K.L.:
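The following block contains the structure, expressed as structure tokens.
These numbers come from a predicted model, not from an experiment.
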Number of protein chains: 2
Amino acid sequence: MLSKKTKYGLKALAYLASQKEKAPVQISEIAKCENISQKFLESILLSLRKSGFLGSKKGKGGGYYLIKEPNQVLMTDVMRVLEGPIAMVPCVSLNFYEKCADCPDEASCSVNKLMLMVRDANLEVYRNNTLADLIIS
Amino acid sequence: MLSKKTKYGLKALAYLASQKEKAPVQISEIAKCENISQKFLESILLSLRKSGFLGSKKGKGGGYYLIKEPNQVLMTDVMRVLEGPIAMVPCVSLNFYEKCADCPDEASCSVNKLMLMVRDANLEVYRNNTLADLIIS
DNA sequence: TGCTTACTCTATTAAATTAATAGGATAATA
DNA sequence: TATTATCCTATTAATTTAATAGAGTAAGCA
């Protein structure tokens with residue numbers, strides 16, 4: 001299941017991507033338009049800034065803005081920051097690999113095999129989509 | 001992330017599917033071979049029986065056994081019972097549809113659009129695999 | 001019949017994760 | 001220097017997941 005954090009983060013990014021002007025947008029505006037708890041959204045936007053997706057400006061006229069063009073932002077990168085590993089088990093994760101404690105041998109693990117296919121299917125979707133593709137005309 | 005319940009459930013099903021004999025296999029044997037808490041596995045196998053994947057036999061020589069041939073068991077069905085919806089948000093779920101509380105209109109929702117693609121990619125994998133495909137020679 | 005075996009069922013608890021909230025600190029603008 | 005809006009840390013609430021406990025039931029067999 002997609003966490004609220006990811007859901008809200010995606011909505012906020014799409015909101016920023018759909019702005020004509022590149023001027024900073026306030027948290028309160030995004031929270032209001034997208035029905036998101038403002039305080040919760042604060043922490044999400046903060047983490048998106050720290051991972052290099054957003055820039056921010058304090059004080060009057062301040063807010064958040066996209067650093068890159070929407071079509072330069074891969075969904076793989078966004079999802080990894082918001083939701084964590086794309087793989088459903090650490091033993092098939094590209095960026096967060098970890099051996100399973102209960103599994104003596106990955107090559108003979110039935111779960112590993114299936115989850116590898118699932119990971120690849122998901123990667124394909126996320127790699128072929130950017131923030132620009134999320135925007136609804 | 002895949003829950004332990006699902007992981008253990010898949011391993012147990014694969015274990016049963018790989019049996020030459022169709023004789024019932026005891027919980028304790030599966031738990032031991034797959035490094036699973038026996039009590040936890042009990043409840044998982046019980047739910048797999050109640051959803052029609054497994055049969056059981058009590059008493060001496062008892063245990064669990066597959067009802068269908070492994071190649072007749074679609075992973076879509078298994079995953080829905082063990083893990084729940086395949087979709088990452090209820091608003092794109094085929095079998096567990098629900099409207100999002102925070103989202104006024106699905107057609108104009110950026111998350112909905114992406115998650116629809118993800119769902120389809122996952123469905124494709126699960127539909128093209130059966131329990132028989134999980135077995136490692 | 002009575003003993004053993006192994007699944008059945010309910011309830012509880014522990015642990016971990018997620019979601020939300022509170023409140024003050026900091027920086028930019030006018 | 002007052003106002004605005006992000007920044008940061010800490011805490012709490014809620015939910016979900018994982019594990020455990022223990023008594024109950026049915027089947028097989030001597």
Side-chain angles (χ1 to χ4, degrees), chain A residues 1-12 16 23-32 34-67 81-85 88-90 96 98 100-102, chain B residues 1-12 16 23-32 34-67 81-85 88-90 96 98 100-102:
Chain A
M1 197 62 97
L2 203 71
S3 68
K4 299 270 184 188
K5 178 186 175 188
T6 303
K7 189 182 186 187
Y8 296 162
L10 290 177
K11 285 193 170 190
L16 290 174
V25 180
Q26 295 165 29
I27 298 176
S28 58
E29 178 184 335
I30 305 175
K32 197 176 174 188
E34 301 290 348
N35 293 305
I36 304 171
S37 147
Q38 177 163 340
K39 271 293 184 183
F40 192 19
L41 184 58
E42 268 186 29
S43 66
I44 297 168
L45 295 182
L46 200 56
S47 83
L48 285 170
R49 198 214 59 185
K50 287 183 177 169
S51 19
F53 294 100
L54 300 178
S56 65
K57 206 183 155 191
K58 288 184 178 180
K60 190 167 188 178
Y64 282 97
Y65 53 90
L66 283 175
I67 295 264
V81 164
L82 289 173
E83 187 75 2
M88 292 184 84
V89 278
F96 303 82
E98 239 176 84
C100 294
D102 58 305
Chain B
M1 197 63 97
L2 203 71
S3 68
K4 300 270 185 188
K5 178 186 175 187
T6 303
K7 189 183 186 187
Y8 295 162
L10 290 177
K11 285 192 170 191
L16 290 174
V25 180
Q26 294 166 30
I27 299 174
S28 58
E29 179 185 334
I30 305 174
K32 199 177 174 188
E34 301 290 348
N35 293 305
I36 304 170
S37 146
Q38 177 163 341
K39 270 294 185 182
F40 192 19
L41 183 59
E42 271 186 26
S43 67
I44 297 168
L45 294 181
L46 199 56
S47 83
L48 285 170
R49 197 214 60 184
K50 287 182 177 170
S51 18
F53 294 101
L54 300 179
S56 66
K57 205 183 155 191
K58 288 184 179 179
K60 192 169 188 178
Y64 282 98
Y65 52 90
L66 283 174
I67 295 262
V81 164
L82 290 173
E83 187 76 1
M88 292 183 83
V89 278
F96 303 82
E98 239 175 83
C100 294
D102 58 305

K.L.:
Measuring from the side chain of Lys39(A) (C-beta onward, heavy atoms only), which nucleotide among dT20(D), dT6(D), dG23(C) has the closest atom?
P.N.:
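Among dT20(D), dT6(D), dG23(C), the one nearest the side chain of Lys39(A) is dG23(C).
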K.L.:
Within the modelled atom types, does a donor on one side and an acceptor on the other bring the side chain of Lys58(B) and the base of dG24(D) under 3.5 Å apart?
P.N.:
no
K.L.:
Do the charged groups of Glu42(A) and Lys39(A) touch, with an N to O distance under 4.0 Å?
P.N.:
yes
K.L.:
Pro24(B) and Tyr65(B): which non-hydrogen atoms are nearest, and at how many Å?
P.N.:
CG-CD2, 4.0 Å
K.L.:
Specify the residue among Ser37(A) and Gly59(B) whose closest nucleotide of DNA chain C lies further upstream toward the 5′ end.
P.N.:
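Its nucleotide being nearer the 5' end, the pick is Gly59(B).
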K.L.:
To the nearest 0.5 Å, what is the distance between CD on Glu34(A) and CG on Leu10(A)?
P.N.:
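Reported value, rounded in 0.5 Å steps: 11.0 Å.
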K.L.:
From CG of Leu48(B) over to P of dC7(C), roughly how many Å is that when rounded to an integer?
P.N.:
14 Å
K.L.:
If I compare all heavy atoms of Ser51(A) with all of Val81(A), which pair ends up nearest, and what's the gap?
P.N.:
OG-CG1, 3.3 Å
K.L.:
Within the modelled atom types, does a donor on one side and an acceptor on the other bring the side chain of Lys57(B) and the base of dG28(D) under 3.5 Å apart?
P.N.:
no
K.L.:
Determine whether any donor atom in the side chain of Glu42(A) lies under 3.5 Å from an acceptor atom in the base of dC7(D), or the reverse, and answer yes or no.
P.N.:
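Pair found.
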K.L.:
Rounding to a whole Å, what distance do you find between Arg49(A):CZ and dA27(C):C1'?
P.N.:
12 Å
K.L.:
What heavy-atom pair brings Leu48(B) and Gly9(B) nearest, and what distance separates the two atoms?
P.N.:
CD1-O, 4.3 Å
K.L.:
Between atom NZ in Lys50(A) and atom P in dT6(D), what is the gap in whole Å?
P.N.:
15 Å
K.L.:
For DNA chain D, which residues in residues 1-12 of chain A have a heavy atom at a distance below 4.0 Å?
P.N.:
none
K.L.:
Using a cut-off of strictly less than 4.0 Å, decide whether Ser56(B) has a side-chain nitrogen or oxygen near OP1 or OP2 of dT8(C).
P.N.:
yes
K.L.:
May I ask you to check whether Gln38(B) and Ser28(B) show a side-chain donor-acceptor distance below 3.5 Å?
P.N.:
no
K.L.:
Measure the distance from CE on Met88(B) to P on dT18(C) and round it to the nearest whole Å.
P.N.:
12 Å
K.L.:
Salt bridge between Lys7(A) and Asp102(B), side-chain N to carboxylate O under 4.0 Å?
P.N.:
yes
K.L.:
What's the CZ-P distance between Phe40(B) and dA11(C), to the nearest Å?
P.N.:
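Spelled out: CZ on Phe40(B) to P on dA11(C) is 19 Å.
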K.L.:
Roughly, in whole Å, what's the span from CG in Asp102(B) to P in dA19(C)?
P.N.:
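Result: 12 Å.
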K.L.:
Can you tell me the distance, in whole Å, between the CD atom of Glu83(B) and the C1' atom of dA18(D)?
P.N.:
13 Å
K.L.:
Please give, in whole Å, the distance from dC9(C) P to Leu45(B) CG?
P.N.:
13 Å
K.L.:
Please give me the minimum heavy-atom distance between Leu45(B) and Ala12(B), naming the atom from each residue.
P.N.:
CD2-CB, 3.9 Å
K.L.:
Using five base pairs at each end, measure the axis-to-axis angle across the helix from dT1(C)-dA30(D) to dA30(C)-dT1(D) and round it to 10 degrees.
P.N.:
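Helix axis angle between the two ends: 10°.
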K.L.:
Measure the CG-CD1 distance between Leu41(B) and Ile27(B) for me, rounded to the nearest 0.5 Å.
P.N.:
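One finds 6.5 Å between CG of Leu41(B) and CD1 of Ile27(B).
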K.L.:
Minimum heavy-atom separation for Phe96(B) to Gly84(B), with atom names?
P.N.:
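Residues Phe96(B) and Gly84(B), closest heavy atoms: CE1-C, 4.2 Å.
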K.L.:
Can you tell me if Ser43(B) touches the phosphate of dC9(C), counting only side-chain N or O atoms and a distance under 4.0 Å to OP1 or OP2?
P.N.:
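No, no such contact exists.
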